[in-house]
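We count ligands from 1, going down the list as the structure has it; atoms in each ligand are counted the same way.
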Amino acid sequence: MNFETVRVGLGDRSYDIRIGYGLLAQIGIFCQTAGMGGNAVLISNPKVASLYRELVVKSLGSADIKVTDICIPDGEEFKSSDTLLKIFDQMIDAHIDRGAFILALGGGVVGDIAGFAAATYLRGIPFIQVPTTLLAQVDSSVGGKTGINHPRGKNLLGAFYQPQQVVIDTETLDTLPEREYISGLAEALKYGISLDNELFVYFEKYLTAILDRDKECLKQIIMISCKTKACIVEQDEREGGLRAVLNYGHTLGHAVESLTGYTKYLHGEAVAIGMAQIARLSAQRGYCSAAEADRVLQLISRMGLPVELPQFTVTEYENALLHDKKKLSDGVKFVFNQGIGNYKFETVKDLKELLHSCGVRG
Ligand SMILES: NC(=O)c1ccc[n+]([C@@H]2O[C@H](COP(=O)([O-])OP(=O)(O)OC[C@H]3O[C@@H](n4cnc5c(N)ncnc54)[C@H](O)[C@@H]3O)[C@@H](O)[C@H]2O)c1
Ligand SMILES: [Zn+2]
């Protein structure tokens with residue numbers, strides 16, 4: 001066997017995540033073992049399709065699976081209701097019925113919108129996630145959050161809808177642009193800092209090989225990340241409480257993204273800034289030592305990710321934080337790190353004080 005399996009245990013909605021190098025050529029067999037056959041709706045974008053569509057279609061063909069192609073434009077701005085309706089139009093035109101399944105081939109944008117299409121078309125048809133960015137492989141393809149953006153905010157419309165299987169071919173990372181790759185690493189590191197000390201230490205020890213995209217290192221990081229996420233999702237599928245731990249570094253990260261108009265930083269870069277600031281704040285609050293916070297900052301910097309907040313006023317940051325979905329009536333819920341590899345929730349009422357502690361002025 002040239003792949004590893006991580007199981008997401010959710011009763012009758014349980015599924016496997018397959019992780020290995022070169023798995024796209026076996027995608028037809030994976031679909032069959034997940035009980036899928038007949039017609040597949042292959043949703044992708046022009047860039048990913050030009051690289052990997054042929055391989056996937058050939059493998060599906062050898063498993064007697066017929067393919068209907070849907071290509072959506074590349075970019076976060078196309079994770080929209082407009083694109084979703086166009087997907088439905090093409091599915092209806094192709095007479096796709098409940099016997100078919102969707103196969104999402106691409107990064108988080110394709111995975112989120114294809115998953116939402118699967119959740120809602122004919123009140124739900126099965127789908128398979130085939131993530132091709134590191135961010136999608138360690139995070140968005142696992143856990144069942146699907147959705148689209150609304151002009152007034154990101155990810156405001158969606159559904160919890162689990163895939164039948166996730167097939168992660170780490171070979172697809174060979175073509176990923178460097179900046180996207182490093183940004184994806186930030187999401188994997190998030191699990192290390194807030195949930196898994198061993199993963200953090202693995203990053204420290206093998207960083208050079210990881211930055212060189214060493215096959216074995218990638219398999220390890222993706223496998224541990226998926227296991228960690230699966231473990232949280234199994235306990236709190238619909239984010240009643242615990243699942244919010246996966247937002248480590250994200251509350252400040254989202255503020256950075258929104259203040260900079262979603263253009264200056266990639267998502268993982270903004271999260272890296274958020275994680276660095278939270279590590280410092282965790283030390284100030286006594287949740288971790290100064291030395292531990294320093295290790296977090298050093299590692300983030302060594303990865304080539306940013307650590308400092310861009311310059312905006314306290315009021316601007318405060319407004320951005322208050323618009324985040326994680327806002328509660330009595331404050332904003334933050335995830336701090338308890339040492340390295342553990343977390344601590346704290347609802348912060350005095351945002352000004354927190355922002356001053358991060359060195360934000362004005
Ligand atoms: N559902 C969840 O739980 C969850 C979690 C985190 C993020 N997300 C969502 O994920 C999205 C971001 O995902 P992303 O970072 O993967 O961005 P993306 O899907 O936009 O992909 C980034 C870029 O990489 C290209 N690409 C993809 N695979 C490639 C490959 N193998 N080789 C070369 N280029 C490739 C894409 O075409 C795109 O240009 C956001 O919409 C975010 O909201 C969802
Ligand atoms: Zn994220």
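With waters neither drawn nor counted, the protein N/O/S atoms under 2.8 Å from the Zn ion (ligand 2) amount to 3.
Checked for salt-bridge contact, Arg280 and Glu308 meet the test: a charged N lies under 4.0 Å from a carboxylate O. Using a 4.0 Å cut-off between charged nitrogen and carboxylate oxygen, Arg18 and Glu4 do not count as a salt-bridge pair.
No close placement of the Phe127 and Phe101 rings is indicated, their centers lying 6.0 Å or farther apart. The aromatic ring centroids of Tyr343 and Phe345 lie less than 6.0 Å from each other. Between Phe336 and Tyr248, a ring centre-to-centre spacing not shorter than 6.0 Å is recorded.
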Output side-chain donor-acceptor pairs under 3.5 Å for residues 60-72, partner residues at least two apart or in another chain, one line each.
from	atom 1	to	atom 2	distance (Å)
Ser62	OG	Ser59	O	2.8
Asp69	OD1	Arg53	NE	3.0
Asp69	OD2	Arg53	NE	2.9
Asp69	OD2	Arg53	NH2	2.6

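Each of Asn45, Lys47, Val48, Leu51, Tyr52, Asp74, Glu76, Lys79, Gly107, Gly108, Val109, Asp112, Thr132, Thr133, Leu135, Asp139, Ser140, Lys145, Lys154, Asn155, Thr172, Thr175, Leu176, Pro177, Glu180, Lys229 has a non-hydrogen atom positioned under 4.0 Å from some atom of ligand 1.
Leu134 is listed as a side-chain neighbour of Leu185, based on a closest heavy-atom distance under 4.5 Å. Annotation: side chain of Ile102 is not in contact with side chain of Pro126 (no heavy-atom distance under 4.5 Å).
By the salt bridge (Lys or Arg N to Asp or Glu O under 4.0 Å) test, Glu171 is found to be paired with no residue, residues two or more places apart in sequence or in another chain being considered.
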